[in-house]
Amino acid sequence: MEDVVIVEGEWGWIEEIATTYVVVRIWDLRRLVVPISYFIEHPFQNWTRVTADILGTAFLYTDYTVPVEEVRQELHRVLKTTELWDGKAWGLQVTNSSEHTMELRALMSAADSPKAWDLRCLVREKLITFLQQQFPS
């Protein structure tokens, strides 16, 4: 009960387990009723089987003039200012590049998936603001 799962592409919590079905409470409060046989016959993700902690990512796309180390330092500063970050893991890497842009991946850990979602949104917004203010060109 209350395990976080992804079933049929939907993210939610196990709300009820009956003899013939399982009710998954979807993040937007809909209920997905799934036959118990589904869990035997199909793979599904369980994000909290052992622990609820999770890694989250936020991607930014910048030009080559942006100094990666300064963005990395700003990410760490942002993480240290919020209780959403559990303090276990973080990082910023260039994960791809194209003719005109770098793909920056910010990695961060959180105690559970709802906190990870909020943390990812916060980090993305703060880093965009940082880039707009420090490197407007």
More than 12 heavy atoms from other groups under 6.0 Å of CD on Glu41: yes

Distance (rounded to the nearest 0.5 Å) between Ile36 CD1 and Ile40 CD1: 6.5 Å

Tell me, with the steps shown, if Val34 and Tyr21 meet side-chain contact (heavy atoms from CB on, under 4.5 Å). CA-CA 5 Å; Val34 183; Tyr21 63 89; over 6 Å; no

Any heavy-atom pair between the side chains of Gln73 and Glu69 that's under 4.5 Å? yes

Distance in Å, Leu84 CG paired with Cys121 SG, rounded so as to fall on 0.5 Å steps: 10.0 Å

Hey, any chance Leu107 and Leu119 share a hydrophobic cluster, counting ILVMFWY side chains that come within less than 4.5 Å of each other, even indirectly? no

What is the distance from atom CZ of Arg105 to atom CE of Met108, rounded to the nearest 0.5 Å? 9.0 Å

When you look at Thr62 and Thr101, which way does the side-chain contact (heavy atoms from CB on, under 4.5 Å) test go after all the steps? CA-CA 5 Å; Thr62 69; Thr101 61; over 6 Å; no

Residues Ala106 and Leu75: closest non-hydrogen pair is CB-CD2, 3.9 Å

State plainly whether one hydrophobic cluster holds both Val7 and Val33, where clusters connect Ile, Leu, Val, Met, Phe, Trp and Tyr through side-chain heavy atoms under 4.5 angstrom apart. no

Return the OG to CG distance between Ser113 and Leu55, rounded to the nearest 0.5 Å. 12.5 Å

Verdict with supporting geometry, Asp112 and Lys115, side-chain contact (heavy atoms from CB on, under 4.5 Å): CA-CA 6 Å; Asp112 55 44; Lys115 287 181 182 170; 3.4 Å; yes

Are Tyr61 and Val66 connected in the hydrophobic side-chain network, where two residues link if heavy atoms are under 4.5 Å apart? no

Using a 3.5 Å distance criterion without hydrogens, assess whether the side chain of Thr81 forms a donor-acceptor pair with backbone atoms of Val78. yes

With under 30° as parallel and over 60° as perpendicular, where do the rings of Trp90 and His76 fit, or are they tilted in between? parallel

Applying salt bridge (charged side-chain N to carboxylate O under 4.0 Å, His left out) to Glu10 and Arg30, what does each step give before you reach the verdict? CA-CA 10 Å; Glu10 297 285 0; Arg30 291 176 294 142; 3.1 Å; yes

If I take atom OG1 from residue Thr95 and atom CZ from residue Phe59, how far apart are they, to the nearest 0.5 angstrom? 5.0 Å

Parallel under 30°, tilted from 30 to 60°, perpendicular over 60°: which one fits the rings of Trp13 and Trp11? perpendicular

Between Ala58 and Arg120, what is the shortest heavy-atom contact and its length? CB-O, 4.1 Å

Which pair of heavy atoms, one from Val23 and one from Arg31, lies closest together, and at what distance? CG1-CB, 4.1 Å

What heavy-atom pair brings Ser109 and Ala89 nearest, and what distance separates the two atoms? OG-N, 2.9 Å

Indicate yes or no: at least one non-hydrogen side-chain atom of Glu70 is less than 4.5 angstrom from one of Gln134. no

side-chain contact (heavy atoms from CB on, under 4.5 Å) between Glu103 and Val94: does it pass, once the steps are laid out? CA-CA 6 Å; Glu103 177 185 76; Val94 177; 5.9 Å; no

Side-chain contact, heavy-atom cut-off 4.5 Å: Leu104 with Val71? yes

His100 NE2 to Asp63 CG distance, which is reported to the nearest 0.5 Å: 11.0 Å

Please answer: with hydrophobic residues joined when any side-chain heavy atoms are less than 4.5 Å apart, are Trp117 and Val24 in the same cluster? no

Please determine if Arg25 and Glu16 form a salt bridge, counting it only when a charged side-chain N lies under 4.0 Å from a carboxylate O. no

Identify whether Tyr64 and Ile128 are in the same connected component of the hydrophobic contact network (ILVMFWY, side-chain heavy atoms under 4.5 Å). yes

Test His42 against every option in Phe39, Phe44, Tyr38 by the ring pair (Phe, Tyr, Trp, His ring centres under 6.0 Å) rule and name the one that passes. Tyr38

